[in-house]
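As structure tokens, the structure follows; a few thoughts come after it.
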There are 2 protein chains.
Amino acid sequence: MQKPFFWDSTHVDSGQVHPSSLSEQLREDVEEQIVTGAYGPGARLDEVELAAAFNVSRTPAREALIQLGAAGFIEKRQRKGWVVAEIPANRLCEMFEVMAELEAMCARLAARRGTEAEHQAILAAHEACRQACEAKDPDAYFRLNEEFHFAIYNASQNQFLIDQARVLQRRLRPYRRLQLRVRSRIGKSFEEHEAIVKAIMAGDADAASALLKAHVVVQGERFADLVASLEACKRAAQ
Amino acid sequence: MQKPFFWDSTHVDSGQVHPSSLSEQLREDVEEQIVTGAYGPGARLDEVELAAAFNVSRTPAREALIQLGAAGFIEKRQRKGWVVAEIPANRLCEMFEVMAELEAMCARLAARRGTEAEHQAILAAHEACRQACEAKDPDAYFRLNEEFHFAIYNASQNQFLIDQARVLQRRLRPYRRLQLRVRSRIGKSFEEHEAIVKAIMAGDADAASALLKAHVVVQGERFADLVASLEACKRAAQ
DNA sequence: GATGCTATTTCTGTATACAGAGAAGGCCAT
DNA sequence: ATGGCCTTCTCTGTATACAGAAATAGCATC
């Protein structure tokens, strides 16, 4: 291996306060890989392999895996090491159901007590979505859609809720990405956004909440339709 | 220290599948201490001290702390080690707000799709609460009240929601315990339970949801009233 | 040829050694 | 006496060594 070098200058100068240790660094990197789908569900994460890949010892690798495990991204199978969590379809539906409720809560609070600046941020994110929608750019829409939802979270005036929503959103991210394939969804999605934005701006908390809940739930249901093909793909990939 | 002895027989024979490692064991024990309030907010958790207390090396102690940190129970202060999370009052209010929403969701689903057996379990838990209430036994009520709420979670038919609700309930537990001191609260709480149970049994999802939300929110508000004294107590204890 | 027993290897949890960075405390100078 | 600097000590992150248990494979026996 090598002498413990602690963080080299490539990391200290980043704007982030975070990555003060190799384990943190590793956790972030691997989490990103999982969230973007680079490590698919069921992928093995061997601690010694991981350590070798990052040129560190087993200790930080282990610590990173432990953290990812605690966050639910990976799970430890007895005597089989860590694997990226394979969330069964029904569990995913449950997660979408909860996500819908959290987002609905965000929308309600955003309508009721979001600041003018936060409302403007929602509008701006919405307009960005419009452009991606009109340009029929699914990748851009996927990204901007997330920002739109984040803008709503941010207007809730409840930091804990914001954190929870973002965490769950992140866990669902690799699965939501699948929905890109359903092209017609984008237009529908944008229309729904439009109604949600109107309700929030009008201060109609109940409408905003109901509309956003339906918006997310329909994603979950659309997703459920895709589950079968996902399972098939996964089996084919193995 | 001693030779690595792995789990001694005191742990394997427990019904649990879990505590296959010292770090797990440690995590559970320390979490329990935090949740019951034995380690109050701000308490330092030194990894070498902890290791010594459990007669293990730093490694499992570290791993336990990392897990607790990932779960939000403790936080790492730079150059100051781990301390039990000191959740500011406003953050706690936010957490109660989210808790209320999750529980309301549980109640709605319990009313809508809880099984007969699950409804009976709710009734049974409610009756147990009644006895503790009539016996004016705050400790028993505190415990049975939790079971009542758990019974509602369990009737939601959404395992992910159940898990999330339990996790958040657990994080809030040390703070809810404070409310024991407000004696008059117990009778009120029981009355609210009564209404909630009626709504769930009647299948009135909206009423069940609204009532449970109000029930939790009021706890949060009551709690907020206590915050000042808590802060005072904490400072006095230091 | 199949099955069971044993030996070896691998895997994972734990202990320990080590090194660098901060903090603390003492010393010198002004 | 006080402020700045240097020395030491502690604290924490990382590497590595080690040991026990399970998996695997090879061998022998039926």
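In this text the structure is predicted, and so the values were computed from the model without any measurement.
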- Taking the six-membered ring of B:F150 (Phe, Tyr or Trp), confirm whether the NZ or CZ of B:R166 is under 6.0 Å from its centre and within 45° of its axis. yes
Per nearest nucleotide of DNA chain D, the residue lying toward the 5' end, B:E47 or A:R79, is B:E47
Check ion pair A:E86-A:R77 (N to O, under 4.0 angstrom): yes
[X] has an atom [atom1]; how far is it from atom [atom2] of [N], in whole Å?
X	N	atom1	atom2	result
A:D46	C:dC11	CG	P	7 Å
A:F54	D:dA15	CZ	C1'	18 Å
B:L50	D:dT12	CG	P	13 Å
B:L26	C:dA15	CG	P	10 Å
A:L22	C:dG20	CG	P	14 Å
A:E49	C:dT12	CD	P	11 Å
A:R27	D:dG13	CZ	P	14 Å

Rounded to the nearest 0.5 Å, the CZ atom of B:R185 sits from the CD atom of B:Q219 at a distance of 5.5 Å
Rounded to the nearest 0.5 angstrom, the OH-CD1 distance for A:Y39 and A:I34 is 8.0 Å
Within residues 59-78 of chain A, the residues having a heavy atom closer than 4.0 Å to DNA chain C are A:R62, A:K76
inquiry  = Taking atom types as they are modelled, would you say the side chain of A:R58 forms a donor-acceptor pair with the base of D:dA15 within the 3.5 Å cutoff?
reply    = no
After noting the C-alpha distance and the side-chain angles of B:H149 and B:H215, does the key distance pass the ring pair (Phe, Tyr, Trp, His ring centres under 6.0 Å) rule? CA-CA 11 Å; B:H149 283 261; B:H215 175 63; 5.2 Å; yes
message = Is it the case that atom CD in A:E49 sees more than 12 heavy atoms from other parts of the structure closer than 6.0 Å?
response = no
*asked:* Taking only side-chain N and O atoms of B:S23, does any of them lie within less than 4.0 angstrom of OP1 or OP2 on C:dG13?
replied: no
